[in-house]
Amino acid sequence: MISLQCCFKYLFSGILGLSLILIQSSSPAQTVKKEKEFLKNQAASLTSSGHEQLALDQANEALKTWQESTKIYRQLNDQEGITESLINQNLAFQALGLHKQACNTLLEALNFNTILGICDTTLQQPALTQKEQLTTLIGKQEATSVNLLGLQNLGEVLRILGKLNESETVLQETLTLAKLVSSSKISGIYLSLGNIEQTIYQQLQDKYSWIEEPLFREQIANIIPQKAQKSLWYYQTLENIPNISKSAKLQAQLNHLTLLISWEKWLSHQPNQVNLHQKVNQQIRVLVNQIDGNSSAFLELSPEPSIHARLNFANNLSQIPDEQLKSVAIRYAKLALKMAETINSIRWLSYSFGTLGKVSTQTEQKQAYFTKALRFAQSIRALDIAYEWQQQLGLIYQKQGKTELAIQNYNAAITNMTEVRDSLLSTNGDLQFSFQSEMEPTYRNYMRLLLTSPNPDLKRVIEINEGLQIARLENFLRCGKLDLVALNQLQNLKSAPTVIHIIDLGDTIEVIAQSTDGSLHHHSIESKLVRFQIDHLLEALQNENFSEVGESSITTSSQGIYEKLIAPIKTYLPPSGTLVFTLDKSFQSIPMALLYDGKHYLIERYSIRPIRNINTA
C-alpha cells in the first residue's frame with residue numbers, strides 16, 4: 001500500500017514535470033511572461049502573509065516577509081509594488097517601536113531621500129526651508145492610492161517622532177493632493193490632522209501643569225481652547241463627509257470623545273470657563289449616545305482595530321462620572337475580550353483584562369482582572385503593558401494595607417517604565433507618558449509607602465524622586481533621554497555639598513538632608529501648614545509691581561517656609577559652604593536663597609545651587 005506521503009511526492013513530481021514540459025514547449029516570450037506572473041503571485045502571497053503575521057503580533061516575521069516581497073518587486077521593476085511593500089515594512093517597524101526606521105523607509109518608498117534629517121529628532125533644520133522642500137516634493141507626486149497612503153503614514157510617523165510642524169506640512173499638502181482626485185484617503189488625512197492638533201493640545205496642557213508664573217499660565221490657558229477646537233473641527237469635518245464609511249466615522253468619533261473628556265477635565269479647574277465647561281459636558285453625552293447607538297460600526301473593523309476601538313470606548317466611558325455608563329463600559333470591554341480570545345492574541349488579551357480591571361467597580365474583580373492581564377503581558381515580556389497593571393495592583397494592595405505587595409508592584413512598575421523609556425523614548429514620542437495621570441501617582445505612592453516604614457529607606461526615596469523628576473523633564477522637553485551628570489562630577493565644588501531634597505507628596509512635604517558625610521536625615525510636615533506661605537511668596541515675587549512690594553511681605557513668608565522646612569534639619573547643616581537643593585513641583589519657582597531665619601537669608605551663609613534633576617551618586 002502506498003503511503004499518503006508517497007502519493008503527495010508522486011503527485012508533486014508529476015506536476016513539476018508537466019510544468020517543465022509546458023515551459024520548454026513555450027516560446028521564450030511566453031516563458032518570461034509566465035515567470036513574471038509566478039513572481040508577481042509570489043510577491044502578492046508574501047504581502048498577504050505579512051499582514052497575517054502582523055495581526056498575530058509577529059512584527060519581526062512580518063518585516064522579514066515584506067522585505068522578501070520588496071526584493072521580488074525590485075526584480076520585476078514594479079515601482080508600485082516596491083512602494084507598497086516598503087509602506088508595509090514601515091507598519092512592521094512601527095509595531096516594533098522603531099519609528100525612525102519606519103520614517104526612513106517611507107522616505108525611500110516616496111523617493112524623498114533628498115530631505116536630509118527629517119526623521120532625525122536630534123537635528124533641527126530651518127522650518128521654512130524644510131517646509132518648502134516638502135511642499136515641492138509632495139506636489140510632484142502622482143495622486144495614486146499607494147502614494148497617498150505612503151504620505152499619510154509619513155505624516156503619522158513624524159507626529160509620533162514629535163516633528164509636529166513637518167507632520168502637519170506633509171498632511172496638509174497630502175490633503176490638497178487627495179482633493180484633486182476626490183480620493184477615499186481624505187477621511188484618513190483629516191483624522192491624522194486632528195490627531196496632530198490633539199497632540200499639540202496635550203503638550204500645552206503639560207506645559208500648563210509645569211509652569212507656575214501667572215502671566216505664562218494665562219497665555220497657555222488662552223491657547224489651549226484654540227487647539228482643542230481646531231482638533232475638534234478636523235474630527236467633525238471627517239464625521240460629516242457624505243457617504244463616509246461607518247468605520248472611518250467611528251474612529252473620528254472615538255478620538256473626538258477622548259479629546260472632549262480631556263478638555264472637560266481641564267476646564268473643570270478653570271473658574272472663568274464655566275459656560276464652556278457645561279457646553280463640552282453636553283457634547284460628551286451626545287457623542288457617547290451616538291457611538292453606542294451605532295455599535296454596528298465596530299463590526300465593520302477588522303479584529304484588532306475592532307478590539308482597540310471597543311477598549312478605547314470602554315476606557316473613555318469609565319472616566320465619565322455616571323454609574324449607568326460603567327455597565328456600558330464593562331459590556332464593551334467584555335466584547336473586546338471575547339474577540340481577543342477568538343484571534344488568540346496575547347497582547348490584546350492582556351489589554352482586555354486590564355481594561356476590565358479599570359472599568360469594574362468591585363475590588364476583588366479588579367484585582368483578579370489585573371492579575372490575569374499582568375500574566376499575559378509577562379508571558380510575552382510586554383513591559384510596555386505590564387507596568388500599567390503592576391501600578392494598578394500596587395494601588396489596590398496599598399488600599400488593602402498590604403504594604404509589601406504594594407511596594408513590590410510599584411517597584412516592578414517603575415523598573416519596567418524606566419526600561420521602556422530608556423529603549424524607546426528617543427524614537428517614539430507616543431511614549432511621552434501623561435505623567436499627571438499615568439506615571440506620577442505611581443512614583444509618589446511608592447515614596448509614601450517607603451516613608452511609612454519605622455526605618456524608611458531614605459536612599460531609595462531619593463532615587464525614586466530623582467527618577468520621577470527626570471522623567472517629568474524629559475516628557476516636558478520632548479527631548480528623548482537626557483544625558484545627566486552625577487553630582488560628584490560637578491565642577492567648581494571645593495568639597496562635597498550638603499544636599500536638601502524637598503519632595504511634595506500632596507498631603508505632606510518631605511525634606512531629606514544628605515550631609516557631607518553621606519548620612520541622611522528626614523523631616524515631614526503637613527503641606528497645608530506651609531502651602532499658604534509658599535503661595536504668598538510666589539505672589540509677591542511675581543507681582544508686576546514688584547518694586548512696590550514691601551520687604552516685610554517677603555521676609556514674613558520666607559521665614560515661615562524656613563521655619564517649617566529648614567529649621568527642623570538645621571542641626572545637620574554645616575555653618576557655611578554649599579547647599580544644593582533638589583526641588584519638586586511648586587518649590588522650583590522659589591529662590592531658596594531668600595529663605596530667612598529671622599536674622600539672615602540663606603544666601604548670606606551659603607552658596608546656593610537649586611537643581612531640578614540630578615543623579616546624586
Side-chain angles (χ1 to χ4, degrees), residues 387 390-391 394-395 397-398 402-419 421-422 435 439-474 481-490 493 495-525 527 565-574 577-585 587-588 592 606 608-617:
Y387 85 84
Q390 286 162 333
Q391 65 181 4
L395 183 59
Y397 289 131
Q398 184 177 2
K402 299 177 180 178
T403 303
E404 286 303 316
L405 284 173
I407 286 176
Q408 287 174 20
N409 278 275
Y410 284 145
N411 185 58
I414 290 172
T415 299
N416 287 337
M417 284 179 193
T418 304
E419 186 169 340
R421 289 178 61 82
D422 287 353
F435 287 92
M439 292 183 70
E440 193 165 334
T442 301
Y443 282 92
R444 298 196 187 281
N445 283 332
Y446 188 18
M447 288 188 282
R448 285 189 188 97
L449 284 180
L450 290 172
L451 290 166
T452 57
S453 170
N455 297 301
D457 185 348
L458 297 179
K459 185 177 181 181
R460 182 60 177 154
V461 173
I462 291 172
E463 290 173 353
I464 296 302
N465 182 56
E466 288 174 347
L468 169 62
Q469 300 307 322
I470 292 166
R472 290 181 79 238
L473 185 60
E474 288 173 343
K481 185 170 172 57
L482 291 171
D483 185 16
L484 301 178
V485 177
L487 183 58
N488 57 13
Q489 295 176 0
L490 287 178
L493 292 181
S495 59
T498 298
V499 184
I500 300 175
H501 305 267
I502 299 182
I503 305 169
D504 187 345
L505 294 183
D507 294 337
T508 63
I509 304 297
E510 309 293 334
V511 182
I512 302 176
Q514 186 173 347
S515 299
T516 55
D517 61 1
S519 60
L520 299 172
H521 315 279
H522 172 230
H523 166 63
S524 179
I525 185 171
S527 60
L565 302 182
I566 307 302
I569 60 168
K570 183 179 179 181
T571 56
Y572 307 114
L573 304 183
T578 299
L579 293 184
V580 174
F581 284 89
T582 63
L583 305 173
D584 188 7
K585 284 194 167 181
F587 295 97
Q588 294 174 353
M592 304 307 288
Y606 302 99
I608 306 296
R609 296 200 178 202
I611 299 178
R612 288 185 176 183
N613 306 296
I614 193 154
N615 182 350
T616 56

**OP:** Using only heavy-atom distances, determine whether the side chains of S519 and H521 contain a donor-acceptor pair under 3.5 Å.
**Re:** yes
Subject >> Ring geometry between Y410 and Y446 (parallel below 30°, tilted from 30 to 60°, perpendicular above 60°) >> reply: tilted
Subject >> Least distance between heavy atoms, G394 atom then A406 atom >> reply: O-CB, 3.5 Å
Original post:
About how many Å separate CD of Q408 and CG of L449, when rounded to the nearest 0.5 Å?
Top reply: 11.5 Å
**OP:** Can you measure from CD (Q469) to OG1 (T582) and round to the nearest 0.5 angstrom?
**Re:** 8.0 Å
Original post:
With a 4.5 Å heavy-atom cut-off, do V499 and I462 have their side chains touching?
Top reply: no
Subject >> Sub-4.5 Å side-chain heavy-atom contact between D584 and R444 >> reply: yes
Subject >> With I525, the side-chain contact (heavy atoms from CB on, under 4.5 Å) member among V511, T508, I509 >> reply: I509
Original post:
Looking only at heavy atoms, which two atoms of H523 and P568 are closest? And how far apart?
Top reply: NE2-CG, 3.3 Å
**OP:** Decide yes or no on side chain to side chain contact (heavy atoms under 4.5 Å, CB included) for M592 and I502, but give the supporting numbers first.
**Re:** CA-CA 11 Å; M592 304 307 288; I502 299 182; 3.7 Å; yes
Original post:
Taking the side chain from S527 and the backbone from D507, do they hold a donor-acceptor pair closer than 3.5 Å?
Top reply: yes
**OP:** Starting at NE2 of H501, measure out to NE2 of H522 and round the result to the nearest 0.5 Å.
**Re:** 12.0 Å
Original post:
CD of Q398 to CG of N445: how many Å apart, nearest 0.5 Å?
Top reply: 4.5 Å
Subject >> Considering all heavy atoms, the nearest S515-Y572 contact >> reply: OG-O, 3.4 Å
Subject >> Expected output: side-chain N465 to main-chain V461 donor-acceptor under 3.5 Å >> reply: no
**OP:** Measure the shortest side-chain to side-chain distance between L451 and L505 over non-hydrogen atoms and say whether it is less than 4.5 angstrom.
**Re:** yes
Subject >> Euclidean distance, Q391 CD relative to N416 CG, rounded to 0.5 Å >> reply: 10.5 Å
Original post:
Is the shortest heavy-atom distance from the side chain of I500 to the side chain of L573 under 4.5 Å?
Top reply: yes
Original post:
Could you state the interatomic distance from CD1 (I464) to OG1 (T442), rounded to the nearest 0.5 Å?
Top reply: 10.5 Å
Subject >> Heavy-atom check, side chain of Y606 versus side chain of T498, under 4.5 Å >> reply: no
